[in-house]
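When a residue number appears, it is its place in the shown sequence, counting from 1.
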Amino acid sequence: MKLHEYQSKDLLSRYGVPVPAGDVTSDPAQATEIARRLGGKVVVKAQVLMGGRGKAGGVKLFDAAEPAGEFAKDLIGKRLVSIQNPAGMVVERVLVAELVDIDKEFYVAVLLDRAAQRNIVMLSAKGGMDIEEVAASDPGAIIKIPIDPAWGIADFEIREALESAEIPAKARNQMVGLIKGLIKAYEESDADLVEINPCALTPEGKVIAADAKVAIDENALFRHADYQATSAESAEDPIEEEAAKRGIAYVRLGGDIGIIGNGAGLVMCSLDEVNAAGGRPADFLDVGGGAQAERVKSCVELIMMDPNIKGLLINIFGGITRCDEVAKGILAALEELNLQIPVVARIEGTAAEEGRALLAGSKIVPAETMQEAAGKIVELAYGR
Ligand code: GDP
Ligand code: MN
C-alpha cells in the first residue's frame, strides 16, 4: 500500500531524514498562500499514488507564489497519466514545498529483495527521473547491500557502498545518517519500500529528500490505522478499492472467470486449475475462514462488478467455514443479483452434505473435485 509523498516525507522526517518545508492542500487559494509563506520559490507537486509525475507534468518549479497558485488550480481535478499508470489518476491534493536547489540527484531506497530473501539498501549516484533507464542500461551504477536480519547493517558497510556508488565524499557522512534513518523507518512502519528519488545534494553540500515514497505491507495495516483511508485510495483498480473498503482479499487478474475460494492456497490452486483447463481467471478472492452467508454474498457481488465475467467458480473446503453457510450466501447472491452466468461449486468439508442439499435444485452446477470444477466452468463459460 503506497503512501502519498507528503505522508512519506512526514514519516521519514520523524526519523531524522531532512525534507523541504511545505504543506499539502486541495484548495488553490491556499496553495498560493503556502507558496507566499515559503517565500515564493516553490515546487508544486501532484499528490497522486503513482510514479513518474515529473514526466507526466505533475511537478513544476516556480519563483513566485501567484503562478504557483495558478498551476495548483490547473492541476487539482485533472487526470494525470504516466507510463507507469496509463489509466491515470485524478489529482485531489497538491504539495507546495520549498524549492530545493539541486546540484546532484541520488537514488536511495530500502526495500524487500525477494530473490535475496533480505531487505536491502539500494543506492545510486545517478538518481532522478531516469533511474529505470539507468537500471536497464547501466546496472553497475546501482549498488545493493543486504541488511542482515539479525545484525542489521554496520556503518562501514554503508560507507563502502557509498564509495562504490561514487556518492561524492562531502555527502557521505550525511548519507550514512540518512540511510540509518531510512532503515529504522522501514522496520518500524512495516514498510516494504522506502525510497528517496531524487535525494538532492545542494550546492552548499546539504543532503535533502526532494521526493519520498513509502509503501507499507498491507498485512500490517491494522498497526497503522491512520493510513486506512490511503489504502482504499492506493488501489489502482476500482473493484480492488471497493474490496479494500469491504475488507475482502481480492486481486483483479484481468480474465473472465470469477473465482472464490477460502484460504489463499486453495484459491491459488483454483486459479492454476482454471488456467490448466484453458480458462482465464478474473480474480483472486479469499472469503476467509468462518465466512458467513452475508460475506459470501458480498464477495459474489464484488466479483460481478467486473463486466467481463463469463462464469463463476466457487471452491470451498470447509474447516471452520461451514459449507451450508456458504451455500446460503451463494443462493442469496444468485437471487438478489439475478446472476445469468454459469456457476460451478465444489464444496467439501464441514457441513458439505447440508450445503450441497441446499444447492440441489438451483442452477448451480456441482463438482466433486477441483479439476472437475475447473473443467466444467471453462466449458460452460466459453460454450465449448
Ligand atoms: P516523480 O517524477 O513522481 O518521481 O516526482 P519527483 O518529486 O521526483 O519530481 C520529478 C523531478 O522534478 C525530480 O527528479 C527533480 O528533478 C525535479 N524536482 C522535484 N522537486 C524539486 C525541487 O525542489 N527542486 C528542483 N530543482 N527540482 C525538483
Ligand atoms: Mn521521484
- Task: To the nearest 0.5 angstrom, please state how far the CD1 atom of I316 sits from the CD atom of E348.
- Result: 12.0 Å

- Pairing of K73 and E70 as salt bridge, 4.0 angstrom limit: no

- Query: Are the side chain of N262 and the backbone N or O of F317 linked by a donor-acceptor pair below 3.5 Å?
  - Reply: yes

- Item | Sequence neighbours excluded, every pair satisfying side-chain hydrogen bond (donor to acceptor under 3.5 Å, both in side chains) that has a member inside residues 364-373 | E273-Q371, E372-K376

- Message: Tell me whether D286 contacts the main-chain N or O of G263 through its side chain, where contact means a donor paired with an acceptor under 3.5 Å.
- Response: yes

- Whether T32 side chain and P28 backbone form a donor-acceptor pair below 3.5 Å: yes

- Keeping the roles fixed (side chain from E105, backbone from P198), state whether a donor-acceptor pair exists under 3.5 Å. no

- Item | Chi angles and distances behind the side-chain contact (heavy atoms from CB on, under 4.5 Å) call for I167, V108 | CA-CA 11 Å; I167 301 288; V108 56; over 6 Å; no

- Side-chain donor/acceptor of T25 to backbone N/O of A31, under 3.5 Å: no

- Task: Begin from the C-alpha positions of I248 and R295 and carry the test side-chain contact (heavy atoms from CB on, under 4.5 Å) through to its verdict.
- Result: CA-CA 9 Å; I248 296 170; R295 183 171 173 87; 3.9 Å; yes

- Task: Would you indicate whether the side-chain heavy atoms of T230 and L49 approach each other to under 4.5 Å?
- Result: yes

- Message: Quick test of your reading of the model: are D130 and K55 salt-bridged, counting only N-O distances below 4.0 Å?
- Response: yes

- Query: Would you say D237's side chain and E240's backbone share a donor-acceptor pair under 3.5 angstrom?
  - Reply: yes

- Taking only residues at least two apart or on different chains, which pairs with a member in residues 147-171 satisfy salt bridge (Lys or Arg N to Asp or Glu O under 4.0 Å)? D155-K180

- Message: Run the side-chain contact (heavy atoms from CB on, under 4.5 Å) test on I158 and V121 for me, step by step, so that the C-alpha distance in whole Å, both residues' side-chain angles and the decisive distance to 0.1 Å come before the verdict.
- Response: CA-CA 9 Å; I158 301 178; V121 175; over 6 Å; no

- Message: Check E353 with R356, please: is the shortest side-chain N to carboxylate O separation under 4.0 Å?
- Response: yes

- Message: I want to check something: taking the side chain as every heavy atom from C-beta on, are D103 and T202 in contact at a cut-off of under 4.5 Å?
- Response: no

- Query: So, are R14 and E188 salt-bridged, with charged N and O less than 4.0 Å apart?
  - Reply: no

- Task: Calculate, to the nearest 0.5 Å, the distance between atoms CD1 and CG belonging to I259 and L285 respectively.
- Result: 10.0 Å

- Is the backbone of A210 close enough, under 3.5 Å, to the side chain of K9 for a donor and an acceptor to pair up by distance? yes

- Smallest heavy-atom separation, L80 atom then M50 atom, equals O-CE, 3.2 Å

- Item | Any donor-acceptor pair under 3.5 Å from R53 side chain to A46 backbone | yes

- Under 3.5 Å, is there a donor-acceptor pair between the side chain of N197 and the main chain of G128? yes

- Query: Nearest 0.5 Å, what's the OG-CD distance between S298 and Q292?
  - Reply: 13.0 Å

- Task: Output the distance between atom NE2 (H4) and atom CG (L11), rounded to the nearest 0.5 Å.
- Result: 14.0 Å

- Query: Any side-chain heavy atom of D256 sitting closer than 4.5 Å to one from Y382?
  - Reply: yes

- Query: When rounded to the nearest 0.5 angstrom, what is the spacing between CG in L123 and CD1 in I120?
  - Reply: 10.5 Å

- Message: Surrounding CD of E218 (heavy atoms of other residues, nucleotides or ligands, distance under 6.0 Å), is the total greater than 12?
- Response: yes

- Side chains of L112 and Y186: does their closest heavy-atom pair fall under 4.5 Å? yes

- Message: Looking at E33 and R37, is any side-chain nitrogen of the basic one under 4.0 Å from a carboxylate oxygen of the acidic one?
- Response: no

- Search all heavy atoms of A381 against all heavy atoms of I257 and return the closest pair with its distance. CB-CD1, 4.2 Å

- Can you find a heavy atom in the side chain of D113 that is under 4.5 Å from one in the side chain of R118? no

- Scanning both residues in full, the closest heavy-atom pair of Q174 with G205 reads NE2-O, 2.8 Å

- Any chance CD of E204 has more than 12 other-residue heavy atoms, nucleotides or ligands included, within less than 6.0 Å? yes

- Side chains of N338 and Q340: closer than 4.5 Å at any heavy-atom pair? yes

- Message: Using modelled atom types and a 3.5 Å cut-off, is there a donor and acceptor pairing between side-chain atoms of E354 and backbone atoms of A327?
- Response: no

- Task: Nearest 0.5 Å please: distance from the NZ atom of K2 over to the CD atom of Q7.
- Result: 13.0 Å

